[in-house]
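Throughout, a chain's letter reflects where its sequence line sits, starting with A, and its residues are numbered from 1. Hydrogens, waters and symmetry mates are skipped; everything else that's a heavy atom, side chains included, is used. Please read all numbers here as calculations on a predicted model, not as lab measurements.
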There are 2 protein chains.
Amino acid sequence: MTAVLEVPQDTRQRLLEAACEAFREEGYQVSIDRIAARAQVARQTVYNHFPSKDALFAEVVQHAIQSVLVTLDGDGDIRTTLLAFGHAYREKVLSPEGLATLRIVMAEAPRFPELAKQFFRQGPLTTRKRLAAYIERAMAAGILRKDAPDFAAEMFTAMLLDFDRQRGLIDLQTDLLKPAKTAQVVDCFLRAFAVGKDMP
Amino acid sequence: MTAVLEVPQDTRQRLLEAACEAFREEGYQVSIDRIAARAQVARQTVYNHFPSKDALFAEVVQHAIQSVLVTLDGDGDIRTTLLAFGHAYREKVLSPEGLATLRIVMAEAPRFPELAKQFFRQGPLTTRKRLAAYIERAMAAGILRKDAPDFAAEMFTAMLLDFDRQRGLIDLQTDLLKPAKTAQVVDCFLRAFAVGKDMP
DNA sequence: GGACTACTAGACTACCCAGTCTACTTGCTG
DNA sequence: CAGCAAGTAGACTGGGTAGTCTAGTAGTCC
């Protein structure tokens, strides 16, 4: 009609993005019509690309896994590495998108148990495994005290996120990203896990 | 009809309990009819006691706050106290009821922001405050190193719950309550916060 | 008995939604 | 030009829901 130069190849992509935003903003109960409108597309077009609402939702969640995935870069000393990781992780998970993704996956977990499990494994669990591998190396190198690396990684990510994530999810707080906190947590973690105190 | 001796005074109570279970099991979208059926009551009776579904939901959430509230008992040495607290807290929050309550409050927070805020403040935040008060006393008594009590309390509850709660909410895992974990966390916390290492 | 209260069964309104189907328009390609 | 692929608008089905209303039942108090 008015706009002539459509980019027709990626209707599907536009749809996925619109669905992603719509689900994040309004939850699973957002209607197909609203998603279609947001993508500026007819309802039937949605069904041309995805067999059902559930299938669209599943694809959106798969794409969203990356919104809570963080790699860590093992250069530098341990404090620097943990600081960089902690900072990146907090920024991703505590962003409005990260929080909204978590909220919807948690909310719909009873309805889509397999999807939620997959999210959990490929998201938070994978990040923890990566961190644990790094920590295990640091333990082997004598930088950290010998302990279970998985447990140590769990403690670190818990300290980084737990309270602020809960606040973001329930209390809808938005200014969760005080950078000083990451350093506080890293120091706390190192007090608990650096060598030098007790090693049986 | 068949049963003659009804206990008519607590229709409201039966309704509240039924609604509580129903919301926990099926989420906010459970229909009024299903709640009424679960309470063995006519739909109109629901509306005789509560002006709307939202009002009923609000009352259910208010009642559910206690399902994540824990007091701590300051007798005994610090390790014993923290162990008892940690155990009780994990048992409450990681129980199926605790997890289901959290899931629904998080899921519906955008729709009921004030209610969710209230839940957060009277639930998790209150527990943290109590813990922080205890920790502050321990710091003043020289048992723990001087640090921000709120921060220390946050770290402790985070380590106790974070990962298992997330697993329970997303992965629908049920056997989250390994008692040894509480002790592991308490020891980790004490390594990070007991006196004796560095006190500037 | 009469009035009152609490509850019941079920009809009814006024919505909203997933998913299907049909008839139509474009634009590209051979 | 013919045919195909992709999208559009809108009607339609079948189902579900919150909340209202009505007529009736049962127990309780005076």
Q: Check every atom of C:dT8, D:dA18, C:dA18 against the side chain of B:Ile32 and return the nucleotide holding the closest atom.
A: D:dA18
Q: Measure the distance from CG on A:Asp54 to P on C:dC17 and round it to the nearest whole Å.
A: 16 Å
Q: Give me the ring orientation class for A:Phe23 and A:Phe57: parallel if the planes are under 30° apart, tilted from 30 to 60°, perpendicular past 60°.
A: perpendicular
(Q) Let me test you: for the helix from C:dG1-D:dC30 to C:dG30-D:dC1, what is the angle between the axes at its two ends (five pairs each), rounded to 10 degrees? (A) 0°
Q. With sequence neighbours left out, what residues match A:Glu17 under salt bridge (Lys or Arg N to Asp or Glu O under 4.0 Å)?
A. none
Q) Taking atom C1' of C:dA9 as reference, at what distance in whole Å does atom CD of B:Gln44 sit? A) 11 Å
Q: Select base, sugar-phosphate, or nothing to describe what A:Val30 touches, counting heavy atoms under 4.0 Å on all strands.
A: sugar-phosphate
Q: Measure from NE2 on B:His49 to C1' on C:dC7 and round the result to the nearest Å.
A: 8 Å
**Q.** Selection from D:dT17, C:dT8, D:dG7 that lies nearest to any side-chain heavy atom of B:Ser31
**A.** D:dT17
Q. So, is B:Thr11 near the phosphate of C:dC7, with a side-chain N or O under 4.0 Å from OP1 or OP2?
A. yes
Q) Quick one: B:Asp33 CG to D:dT20 P, roughly how many Å, whole number? A) 14 Å
Q. Quick one: do A:Arg167 and B:Glu154 make a salt bridge, cutoff under 4.0 Å?
A. no
Q) Whole-Å distance between C:dA18 P and B:Gln29 CD? A) 13 Å
Q: Could you tell me whether A:Phe163 and B:Phe120 have their ring centroids closer than 6.0 angstrom?
A: yes
Q: Give the nucleotide from the list D:dC12, C:dC12, D:dT8 with an atom nearest to the side chain of A:Arg43.
A: D:dC12
Q.
Nearest to the side chain of B:Ser52, heavy atoms from C-beta on, is which of D:dG19, C:dG19, C:dC7?
A. D:dG19
**Q.** Audit row: B:Glu25, B:Arg38, salt bridge (charged side-chain N to carboxylate O under 4.0 Å, His left out) steps and yes/no
**A.** CA-CA 12 Å; B:Glu25 284 176 24; B:Arg38 192 186 274 257; 2.7 Å; yes
Q. Rounding to a whole Å, what distance do you find between B:Tyr47:OH and D:dT17:P?
A. 12 Å
Q: List for me each residue that meets salt bridge (Lys or Arg N to Asp or Glu O under 4.0 Å) alongside A:Arg137, sequence neighbours excluded, and say none if there are none.
A: none
Q: Give the rounded distance in Å between these two atoms: CZ of B:Phe50 and P of D:dA18.
A: 15 Å
Q: Give the rounded distance in Å between these two atoms: CZ of A:Arg12 and P of D:dA5.
A: 18 Å
Q. Can A:Lys53 be said to sit on top of A:Tyr28's aromatic six-ring, NZ or CZ under 6.0 Å from centre and within 45° of the ring axis?
A. yes
